[in-house]
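Down below is the structure, laid out as structure tokens.
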Amino acid sequence: MAVKIKLKRLGKIRQPHYRIVVADSRTRRDGRAIEEIGLYHPTYNPSRIEVDSERAQYWLSVGAQPTEPVLAILKLTGDWQKHKGLPAPAPLLQPATKEDKRASFDAFAKTLEGDDAKGEAITPKAKKTEKKADEAEAAAESTEA
């Protein structure tokens with residue numbers, strides 16, 4: 001029996017999330033699985049990836065073949081490199097907290113204070129008084145005629 005590590009799709013239309021499962025290669029995509037070893041939520045920013053590294057290593061060692069999407073996920077988490085004996089990748093990007101965002105915003109605002117930016121518009125305002133004067137003259141000429 002050939003065993004694959006693949007994604008099992010869950011969720012609503014246009015809101016997918018996946019479970020990383022170990023299943024017989026002949027089962028359908030959302031069919032019965034032998035074991036669930038992780039989660040993948042691509043719609044989150046950044047994507048949420050959780051893999052039980054110990055179980056993934058076990059299944060890779062007994063010959064389970066990952067599909068292409070799962071292989072990409074395992075490379076991101078470093079489980080594939082650990083299985084192959086390669087150096088580990090850089091750690092995954094962690095989501096920024098509100099304090100981090102606020103600090104970066106304050107730093108950016110301080111750089112603008114040195115400039116002559118006062119929060120005013122860059123383009124000059126249109127002169128509406130000339131148009132009104134021209135319209136008044138045209139109206140006066142039409143009444144005189």
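The first residue of the sequence shown is numbered 1, and numbering continues consecutively from there. Note: hydrogens, waters and symmetry copies are ignored here, and every other heavy atom, side chains too, is used.
Ala23 and Ala33 make their closest contact through CB-CA, 4.1 Å (heavy atoms, listed as atom of the first residue, atom of the second, distance).
Note that the CD1 atom of Ile20 and the CD1 atom of Ile49 stand 7.5 Å from one another [nearest 0.5 Å]. Remark: Arg19 CZ to Leu39 CG distance equals 7.0 Å, nearest 0.5 Å.
In this structure the side chain of Ser47 never reaches within 4.5 angstrom of the side chain of His41, judged on heavy atoms.
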Atom pairs and distances, donor-acceptor, side-chain atoms in residues 7-16, under 3.5 Å, two or more places apart:
none

Listing, residues 54-76 side-chain donor-acceptor contacts under 3.5 Å, not counting sequence neighbours, or none:
{"unit_1": "Arg55", "atom_1": "NE", "unit_2": "Glu35", "atom_2": "OE1", "d": "3.4"}
{"unit_1": "Arg55", "atom_1": "NE", "unit_2": "Glu35", "atom_2": "OE2", "d": "2.8"}
{"unit_1": "Arg55", "atom_1": "NH2", "unit_2": "Glu35", "atom_2": "OE1", "d": "3.0"}
{"unit_1": "Gln57", "atom_1": "NE2", "unit_2": "Asp79", "atom_2": "O", "d": "2.8"}
{"unit_1": "Trp59", "atom_1": "NE1", "unit_2": "Glu35", "atom_2": "OE1", "d": "2.7"}
{"unit_1": "Ser61", "atom_1": "OG", "unit_2": "Gln57", "atom_2": "O", "d": "3.3"}
{"unit_1": "Ser61", "atom_1": "OG", "unit_2": "Tyr58", "atom_2": "O", "d": "2.6"}

* Any chance you could lay out the side chain to side chain contact (heavy atoms under 4.5 Å, CB included) test for Val21 and Ile34, step after step, and finish with the verdict? => CA-CA 7 Å; Val21 298; Ile34 298 170; over 6 Å; no
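The hydrophobic cluster containing Ile37 also contains Tyr18, counting ILVMFWY residues as joined when their side-chain heavy atoms lie under 4.5 angstrom apart, directly or transitively.
Using cut-offs of 30° and 60° on the angle between ring planes, the pair His83 and Trp80 is tilted.
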